[in-house]
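Per chain, numbering begins at 1; letters A, B, ... match sequence-line order. Just the heavy atoms: all of them, side chains too, but no hydrogens, waters or symmetry mates, feed the values below.
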Amino acid sequence: MSETGRPLNFLERIVQEDLESGKITRVKTRFPPEPNGYLHIGHAKSIWLNFGLAQNYGGECNLRMDDTNPAKEDEEYVEAIQRDVQWLGYQWAGKVRYASDYFDQLYEWALYLIRAGKAYVCDLSADEMREYRGTLTEAGKNSPYRERSVEENLALFEKMRAGEFEEGKCALRAKIDMSAPNINLRDPVLYRIKKASHHQTGDKWCIYPSYDYAHGQSDAIEGITHSICTLEFADHRPLYDWFINQLPVPAEPHQYEFSRLNVNYTVTSKRKLKQLVDENYVDGWDDPRMPTIAGMRRRGFTPKALRDFCEMAGVTKTDGVVEIGVLEHAIREDLNANSPRAMCVLRPLKVILTNYPAEKTEVFTAPGHPQRDDMPERQLPFGREIYIDQEDFRESANKQYKRLIPGRRVRLRNAYVIEAQEAIKDNTGNIIALHATYIEDTHGKDPADGIKPKAVIHWVAAHAHIDCEVRLYDRLFADVAPDAGGKNFLECINPNSLEILQGCKGEMGLSKATLEDRYQFEREGYFILDARYSSVDKPVFNRVIGLRDTWDKAAQPD
RNA sequence: UGGGCCGUCGCCAAGUCGGUAAGGCACCGGAUUUUGAUUCCGGCAUCCCUAGGUUCGAGUCCUAGCGGCCCAGCCA
């Protein structure tokens, strides 16, 4: 059991056993993203796992950019990655590492393999190499260049490094076994020629190490004890181990695999997320509907909620899809406990309290949070004219509807009980206002006649409120599995994933909201100022997530 | 059909020496409630992919099947 009372997951158990057996004296992990896109919810789990493991077992975790492919990478991403990791609440050991920091060492070790007769320069084209590789069920055959002499390989590799060959002309390969049942062992490529300048090393190199060759050795250099990756790399582990065994590396790291996080109704593939951004289906990598860390941050999710979600999802080797409801639960749980309450009318309907003196105003106080007294109270101006939500009044309704209908009373949250009289309409029949009466002496007490209202609704004074814009988000995809094979994920996009409401009316205290503050707009959900579009003149609130709603919408009358 | 990994409630997931199925989410009640929220209390797998077998006893061991995911980039 961990200190949280949760049973240990298989990786925690491995780390604990390695510590207890003395196999290692300190855990060292790393989070190794490739800076070729923004981090998403799946990376959040890897971050939580790697940093959390180090944290919980007294070790440390490095942040390493796996930057072995300059053609796809960019400095923009290395910066975004650092922001995201820190926002999630983690700090890497020392400075940010780059696989490119080790290019010199990796090159030396490549020479070592060549001298040991374990690597050779192969002139096969990419197509030829594929043919020689064989298939899943048939062994491959040796490259005609496989038996070049050490001297020749050394000379050729030097020419590769010096830029004397065109891209694709040749590659350095490990000499392992072309008939291995594991295709990764059929003489994998160690170095390929790429005449691209690198975001970290500039034009120093024109040959770049492959992931397989660079990753394990980088782990060894950094003293990583547990190199955690996702399931699809399990087949690479024999190769990972091969390099560690062949080379004079300073440590012997081990690779472990866990299943990647999948969430229904969302896509978590960098390629697809990039397409949504590039083709303007969303408003950038940090669009609040995106499952990117940047998007979730802008949406208003909290780092804690994300971490809790990862823990709830668990760490195993089972391929699975977690319901998005688990994520939503994690967010509501955190926000319910920690967000101050406020009232904001999203779709205003003016109500005139015909029996309330025209010149009179009052100010009511309301608790900052119903279950916490450490949050400051609020002041709520009240007057003859107020706004309530259009959905809280109906001219007629079935018996399940508990809110306002003509002749029925309802409690105004933190204020009086009122009773609806009649709807005022324009000449096209649209309701433009509501006449109602307030019941005296019902602030903080029930009506004297004993007829208690069945519902409580939120409101804001017409003479004292702030105007704002509210953005309601729904899931980006209408399909439970937009990522599933055979379908075009773009066709699964939910056309109603964003609803922008203008002219919303919030209580005065909301004018003090900062970019960090999340509020519960009572009866509506949790909201935060949008970091991109909000301004002092015009506040724009994002709905992080709605309140849980157990009222059966299907049972509502028209 | 070569290799690797996996199959416990609708979704995730405990179950470590075989001893008679944790927990979370969802869902369904019911209580409290000036948020149809929160909180609270109760319900929710005679069954662990299937079939045999071993055993006093198997989700846990054995055998044979079935199903799913991953691998043939000079991507990671």
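Residue order along RNA chain B, read from the 5' end via each residue's closest nucleotide, puts A:Gly444 first among A:Leu124 and A:Gly444.
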Report each atom pair, protein N/O against N/O of nucleotides 8-10 of chain B, whose distance is under 3.5 angstrom.
residue, atom, partner, partner atom, Å
B:rG10, N2, A:Glu323, OE1, 3.0

Kindly give the atom pairs (protein nitrogen or oxygen, nucleotide nitrogen or oxygen) under 3.5 Å for nucleotides 39-41 of chain B.
none

Heteroatom pairs (N/O) under 3.5 angstrom, protein to nucleotides 14-17 of chain B:
residue, atom, partner, partner atom, Å
B:rG15, OP1, A:Arg13, NH2, 2.4

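Comparing B:rG3, B:rU35, B:rG36 against the side chain of A:Asn182 picks out B:rG3 as the nearest. Closest contact between the side chain of A:Pro370 and the listed nucleotides B:rA26, B:rU34, B:rU35 involves B:rU35.
Comparing the P positions of B:rG24 and B:rG19 gives a spacing of 24 Å, expressed to the nearest Å. With both ends at atom C1', the span from B:rA13 to B:rA22 equals 9 Å, rounded to whole Å.
Sparse packing is recorded around NZ of A:Lys452, with 12 or fewer heavy atoms of other residues, nucleotides or ligands lying under 6.0 Å away.
The base of B:rU35 sits with one of its N or O atoms less than 3.5 Å from a complementary donor or acceptor on the side chain of A:Arg341. Between the side chain of A:Arg237 and the base of B:rG4 there is no donor-acceptor pair of N/O atoms closer than 3.5 Å.
Nucleic acid contact class of A:Val321 (heavy atoms, under 4.0 Å, all strands): sugar-phosphate only.
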